[in-house]
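Note sheet for the following structure.
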Amino acid sequence: MAESFELVSIDNHFGSLLSRLAETANPNVFLAGALASMATRNGHACLDLSAWSGREVAAPAGVFRCPELPVWAADLAACPAVGDGAVATPLVLEGDRLYLHRYWEYENDVARFVVERSREPNAGVAMAALAGDIARLFPDPVQGCDWQRLAALAVALRTFVVITGGPGTGKTTTVAKIIALLLEHSGGGDNPRIALAAPTGKAVMRLQAVMAAIRKNLSCADLVKARIPTTVFTLHRLLGPRRDSPFFVHDENNRLPYDLVVIDEASMVDLPLMAKLMRALRPGARLVLLGDRNQLASVEPGAVLGDICHREALPRFSAEFIEAAAPVTAVADLAPGGDGRSDSLVELRVSHRFGKDSGIGLLGRAISRGDTATALGVFRDARYSDLVWRDVGDERELQRELADRFGRCPPGWFGVEDPAQAAGALGRSQVLCAVRHGAFGVNRVNLYIEKVLAGQWGTAPGAAAYRGRPVMVVENNYEVQLFNGDTGLVLADSGNGEALSVFFPTGDGGVRKIPLAMLPAHETAYAMTVHKSQGSEFNEIVVILPDRRSPVLTRELLYTALTRARHRVEVWGGVEVFADAVQAVIGRYGGLGDKLAPGRIDLR
């Protein structure tokens with residue numbers, strides 16, 4: 001989402017509403033409300049007054065200058081529509097942070113949940129038996145600290161745990177083994193009720209397939225394997241959507257019935273949705289979040305996973321936790337000085353997908369730490385055959401590259417008659433774009449690919465339906481169980497007189513058939529934005545950079561794009577644009593990180 005620094009109509013209306021509620025003509029109150037609306041629209045949890053004081057801002061009614069911070073803070077403190085959270089007011093002022101009231105509540109709910117649940121150790125754990133079972137389920141310890149074993153210990157001892165790590169570090173494998181461990185240690189009573197969920201339909205399908213494959217090879221009894229769930233919910237479906245409402249069936253008054261909830265791809269979960277999930281968990285229920293803290297934050301406000309994985313808490317652990325970990329793994333790498341909160345954060349550090357000879361792995365690590373020289377150098381190093389750089393500086397060069405690539409190598413499903421085989425090819429190769437509009441954006445790239453394929457394969461550029469058209473759903477539709485980000489293929493339906501239908505892969509090698517007339521809002525998907533690719537993996541990808549600097553082109557976006565690939569990455573763009581992106585960091589403003597920093601929590 002590109003950040004806009006101009007006030008638009010909805011911001012202007014909210015500022016005016018605030019002024020009317022406060023019964024004041026003070027322009028500083030109007031500006032505060034309008035800018036707070038703009039900040040939330042741009043993905044921030046609140047407005048940073050100190051960053052805007054003294055600046056000019058464009059609005060539909062003209063250009064305004066924000067007051068200096070002391071004046072602004074005094075005006076807001078005196079405004080009856082602004083409070084400190086003790087009573088309901090449209091805005092909440094907390095230091096230099098100005099929140100819409102509901103986002104202040106969301107942030108405090110998440111912070112309170114993390115702090116309180118991190119302080120709740122599970123009592124009565126038989127440590128000797130636990131250590132032995134962890135060793136059996138994780139039979140090949142790595143040299144030094146085995147972070148997967150450590151994650152299993154953390155979940156056994158805590159009711160809230162975050163397992164973060166880069167691609168191929170085994171987050172899903174680890175959680176499958178953890179579930180087996182918890183089932184084995186359930187005490188002989190009722191089996192713990194377990195729910196697996198992910199933010200998008202695409203992430204759901206991937207997690208479902210991976211869990212089904214992993215549980216077959218676990219070192220545990222067949223009865224335990226059978227109890228490991230493979231059904232995965234979207235997070236919205238887990239909570240139970242209410243039609244035309246931002247609220248859910250399950251909330252603090254109607255708790256989820258589960259003893260353990262596991263959320264995959266947690267970096268995609270926004271602040272409001274995370275708060276609503278945490279409110280819906282019953283006391284004592286475990287919550288495990290899986291995700292890569294270096295990936296893009298959610299499209300909607302907040303950067304919850306990144307804020308929870310506070311750099312000051314990684315990788316620090318309490319003395320008690322280090323003592324408990326000693327029988328499980330080597331503890332020399334564990335930094336002391338942590339508390340219960342840091343004991344709940346485990347970062348997996350060994351990539352089983354990208355070894356020492358992997359250029360993709362080296363490139364991802366370099367980008368995540370902002371190392372431009374290494375990130376560019378790896379493309380020039382002949383040792384890394386899994387990386388290709390193509391200088392593409394203008395629209396003509398881009399079209400030439402697209403014509404060459406798709407003229408020689410059309411998508412793998414073209415010419416394939418069987419829908420399951422054709423849909424299975426969707427995960428092999430993908431074009432990713434940083435932006436949506438313009439010559440280098442998804443819309444134009446998709447149209448041009450259609451034109452390249454039209455001569456030989458009969459694609460119809462811009463048409464709503466033709467054989468072989470890849471489509472991506474862009475809205476949730478619970479009636480047909482299709483969700484934002486789901487991808488499928490328009491193919492001939494042999495069971496319906498060769499009429500066209502849309503076939504969606506199910507994750508188990510099969511397909512779901514949806515009539516064209518029932519397909520929710522969708523778009524062509526030869527190319528997709530990096531944001532839409534989250535939760536997916538492809539054998540190879542082409543990343544198309546714009547020809548100039550863009551607010552959306554950041555370190556997190558590059559990292560997310562490149563780590564979608566298993567085997568090969570091509571980057572098409574200019575060196576300067578790439579280098580600038582490695583140095584640009586997403587700035588999601590909010591107070592959650594500060595509230596969760598060690599020793600700095602103060603919740604009302």
Kindly check if the number of other-residue, nucleotide or ligand heavy atoms within 6.0 Å of [atom1] ([X]) is above 12?
X	atom1	value
F247	CZ	no
E23	CD	no
Q583	CD	yes
E323	CD	no

Any sub-3.5 Å donor-acceptor pair from [X]'s side-chain atoms to [Y]'s backbone N or O?
X	Y	value
R549	L553	yes
D486	V473	no
S118	V115	no
R588	G302	yes
H44	Y589	yes
R349	G165	no
W52	C66	no
R286	V155	yes
S267	A297	no
R564	S536	yes

Residues N476, L482; criterion side chain to side chain contact (heavy atoms under 4.5 Å, CB included); working and verdict: CA-CA 6 Å; N476 294 333; L482 288 174; over 6 Å; no
What heavy-atom pair brings [X] and [Y] nearest, and what distance separates the two atoms?
X	Y	result
P336	I322	CA-CD1, 3.9 Å
W72	P67	CG-CG, 3.3 Å
Q208	T230	CG-O, 2.8 Å
P192	L182	CG-O, 4.4 Å
L334	C145	CD2-SG, 3.8 Å
R341	L345	O-CG, 3.7 Å

Heavy-atom side-chain proximity of [X] to [Y] below 4.5 angstrom:
X	Y	value
P199	T234	no
L183	I194	yes
D292	P167	yes
V161	I178	no
P520	V474	no
L130	L153	yes
V262	L207	no
L273	L235	yes

What is the distance from atom [atom1] of [X] to atom [atom2] of [Y], rounded to the nearest 0.5 Å?
X	Y	atom1	atom2	answer
T40	I10	OG1	CD1	10.0 Å
L290	E265	CG	CD	9.0 Å
S550	L557	OG	CG	8.5 Å
T24	L18	OG1	CG	9.5 Å
M38	L7	CE	CG	6.0 Å
M274	D307	CE	CG	10.5 Å

Between [X] and [Y] (salt bridge meaning N to carboxylate O under 4.0 Å), is one present in this structure?
X	Y	answer
R436	E523	yes
E107	K595	yes
D48	R97	no

Looking only at side-chain N and O atoms, does [Y] offer a donor or acceptor that is under 3.5 Å from a partner on [X]?
X	Y	value
E556	Q295	no
S37	D11	yes
D75	N28	yes
W147	E347	no

Test side chain to side chain contact (heavy atoms under 4.5 Å, CB included) applied to D264 and R206, step by step: CA-CA 10 Å; D264 196 17; R206 178 174 167 271; 4.2 Å; yes
Under the side chain to side chain contact (heavy atoms under 4.5 Å, CB included) criterion, do V114 and I308 qualify, and how do the steps go? CA-CA 8 Å; V114 171; I308 292 175; 4.0 Å; yes
Do the ring planes of Y103 and Y106 sit parallel (below 30°), tilted (30 to 60°) or perpendicular (above 60°)? perpendicular
Using 30° and 60° as the class limits, which term best fits the ring planes of F233 and Y258: parallel, tilted or perpendicular? tilted
Consider side chain to side chain contact (heavy atoms under 4.5 Å, CB included). Of V442, N484, T200, which one does K532 pass it with? N484
Centroid separation under 6.0 Å, is that true for the rings of H236 and F248? yes
Do we get K202 above F483's six-membered ring, with its NZ or CZ under 6.0 Å from the centre and within 45° of the axis? no
Go through the steps to decide whether H531 and V299 satisfy the test side chain to side chain contact (heavy atoms under 4.5 Å, CB included), and finish with yes or no. CA-CA 8 Å; H531 278 90; V299 174; 3.9 Å; yes
From the options N253, D251, D109, select the one residue that forms a side-chain hydrogen bond (donor to acceptor under 3.5 Å, both in side chains) with R279. D109
